Amino acid sequence: MQGFDQEAAAVLLARLAAHKMEAEDDFDVTRWLDRSLIRLCARFGDYRKDEPESFQLRPQLAYFPQFVFNFRRSQFCQVFGNSPDETAFARLALQRETVGEGVTMLQPLLYSYAMGAAPEPVLLDVSSIAPDRVLLLDAYFYVVVFHGTTVAQWRKAGYAEQPEYAAFKALLEAPAAEAEAIIARRFPVPRLTVCDQNGSQARFLLAKLNPSATYQSSAALSSEVIMTDDVSLSVFTEHLKKLAVQS
């Protein structure tokens with residue numbers, strides 16, 4: 001496994017799936033992806049037969065199931081809410097872009113901004129939402145600047161216009177400037193969405209996050225709950241382990 005590039009492999013798998021979705025009638029992409037991932041984990045994973053708790057993947061493959069999980073939930077596979085033109089455009093872009101940009105399409109980048117702290121990448125998970133944070137999502141086709149509830153209230157109260165709240169003004173300006181930089185260097189130009197927690201436009205961020213807290217089982221440390229029946233990454237991984245190790 002030395003030298004194996006899991007990012008390049010994930011993009012290659014996604015490109016093949018996109019081609020099959022366009023070229024084959026009645027192609028079940030979710031079933032095909034699941035079977036491909038199960039075969040890979042059964043072949044290259046380290047485990048004891050029929051013992052899911054013993055399953056481990058080598059570092060060269062550690063993030064591959066996560067890439068597949070996010071691809072299954074993306075607009076490439078789940079076309080509801082997108083026009084045929086939008087779906088065809090997204091799949092074409094996946095075929096033409098570099099591996100780095102392709103990985104961003106499969107698994108968007110999420111950054112957190114908070115007062116008194118440097119910007120940092122955070123998990124693509126609903127638990128990353130906090131009232132006093134600003135999140136920046138780079139999903140390639142669109143960029144989202146998301147204000148937590150406390151930040152949104154302070155912004156609406158006009159604190160950013162007052163000299164004594166210069167740090168808060170800088171908190172608002174930093175993700176906005178980074179979003180503009182992303183838009184300036186990318187073609188085709190992504191759509192920019194600026195939204196608040198609990199606002200209608202927040203769906204653009206929530207649709208990309210791992211639903212570790214839902215209306216069925218909310219996480220204690222999460223300030224947001226996603227109303228979905230989709231399984232979380234942890235549930236997906238547990239099922240993958242069971243199927244990979246079975247005799």
Side-chain angles (χ1 to χ4, degrees), residues 1-45 57-111 121 123-125 137-144 182-183 185-191 204-211 230-233 236-237 239-241 243-244:
M1 294 297 294
Q2 292 296 326
F4 180 78
D5 189 335
Q6 58 188 328
E7 292 186 352
V11 173
L12 179 61
L13 182 70
R15 288 175 176 174
L16 180 57
H19 172 73
K20 285 179 171 290
M21 284 185 280
E22 292 290 335
E24 300 181 15
D25 294 332
D26 300 325
F27 176 67
D28 190 339
V29 64
T30 301
R31 182 184 296 271
W32 183 81
L33 286 170
D34 289 347
R35 287 179 173 176
S36 299
L37 183 58
I38 292 168
R39 286 197 300 267
L40 182 140
C41 291
R43 174 66 179 82
F44 295 104
L57 279 175
R58 302 174 190 182
Q60 295 90 340
L61 279 170
Y63 294 103
F64 193 81
Q66 185 173 313
F67 290 139
V68 175
F69 170 78
N70 285 296
F71 178 64
R72 290 167 81 256
R73 303 177 66 238
S74 69
Q75 72 271 32
F76 301 104
C77 302
Q78 307 299 327
V79 299
F80 179 78
N82 295 314
S83 70
D85 287 347
E86 289 174 322
T87 300
F89 168 73
R91 291 173 180 173
L92 177 63
L94 178 62
Q95 301 288 356
R96 296 171 62 90
E97 278 292 356
T98 63
V99 169
E101 297 286 17
V103 171
T104 302
M105 294 182 195
L106 305 187
Q107 183 168 294
L109 305 174
L110 187 65
Y111 299 94
L123 293 174
L124 193 67
D125 190 280
L137 176 77
D138 180 7
Y140 185 83
F141 296 107
Y142 58 85
V143 176
V144 179
I182 293 172
I183 292 171
R185 66 174 178 261
R186 180 171 296 155
F187 183 83
V189 177
R191 178 175 58 189
F204 290 104
L205 173 70
L206 298 179
K208 294 295 184 181
L209 300 182
N210 172 39
D230 290 348
V231 300
S232 65
L233 177 60
F236 176 81
T237 304
H239 281 284
L240 174 61
K241 290 178 180 179
L243 293 171

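Please read these numbers as outputs of a predicted model, since none were measured by experiment.
Across all non-hydrogen atoms, the minimal contact from Leu137 to Pro108 is CD1-CB, 3.7 Å. Between Val29 and Ala17, the shortest heavy-atom distance links the atoms CG2-CB, 4.0 Å. Considering all non-hydrogen atoms of both residues, Ile183 and Pro190 come closest at CG1-CG, 3.9 Å. Here the closest heavy-atom approach between residue Leu57 and residue Gly45 is recorded as CD2-CA, 4.0 Å. For the pair Cys41 and Leu240, the tightest heavy-atom approach, listed with the atom from each and the gap, is SG-CD2, 3.8 Å. Closest approach of Asn70 to Leu106, counting heavy atoms only: CB-O, 3.2 Å.
Using bins of under 30°, 30° to 60° and over 60° for the plane-to-plane angle, the ring pair Phe204/Tyr142 lands in the perpendicular bin.
Of the possible donor and acceptor atoms, none in the side chain of Gln60 sits under 3.5 Å from a partner among the backbone N and O of Gln6. Looking at Arg91, its side chain never comes within 3.5 Å of a backbone N or O of His19 through a donor-acceptor pair. At least one donor-acceptor pair under 3.5 Å links the side chain of Arg73 to the backbone N or O of Leu209. Proximity of a side-chain donor or acceptor of Arg186 to a complementary backbone N or O of Tyr140 within less than 3.5 Å is detected.
Note that CZ of Arg96 is 11.0 Å distant from CZ of Arg15, once rounded to the nearest 0.5 Å. In this structure, CZ on Phe69 lies 7.5 Å from CZ on Arg72, to the nearest 0.5 angstrom. Between the CG atom of Leu92 and the OG1 atom of Thr87 there is a distance of 12.5 Å, given to the nearest 0.5 Å. With rounding to the nearest 0.5 Å, the separation of CG in Asp34 from CZ in Arg39 is 11.0 Å. Residue Ile182 holds its CD1 atom at 7.0 Å from OH of Tyr111, rounded to the nearest 0.5 Å. To the nearest 0.5 Å, atoms CG (Asp26) and CE (Met21) are separated by 14.0 Å.
Glu86 and Gln75 form no side-chain donor-acceptor contact under 3.5 Å, judged by distance and modelled atom types alone.
Proximity of Phe64 to Leu13: side-chain heavy atoms (C-beta onward) are separated by under 4.5 Å at one or more points. Counting only heavy atoms from C-beta outward, the side chains of Glu7 and Phe67 approach each other to under 4.5 Å. In this structure the side chain of Tyr63 never reaches within 4.5 angstrom of the side chain of Val103, judged on heavy atoms. In this structure the side chain of Leu33 reaches within 4.5 angstrom of the side chain of Cys77, judged on heavy atoms. Looking only at side-chain heavy atoms (C-beta outward), Leu110 and Leu205 come within less than 4.5 Å of each other.
Residues that satisfy the side chain to side chain donor-acceptor pair (under 3.5 Å) test with Ser232, not counting sequence neighbours, are Ser234. In this structure Asp125 satisfies the side chain to side chain donor-acceptor pair (under 3.5 Å) test together with Ser127, Asn210, Ser212, sequence neighbours excluded.
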Checklist entry - When you look at Trp32 and Leu16, which way does the side chain to side chain contact (heavy atoms under 4.5 Å, CB included) test go after all the steps? => result CA-CA 11 Å; Trp32 183 81; Leu16 180 57; 3.7 Å; yes

Checklist entry - Step by step, would you call Thr30 with Gln78 a side chain to side chain contact (heavy atoms under 4.5 Å, CB included)? => result CA-CA 9 Å; Thr30 301; Gln78 307 299 327; 4.1 Å; yes

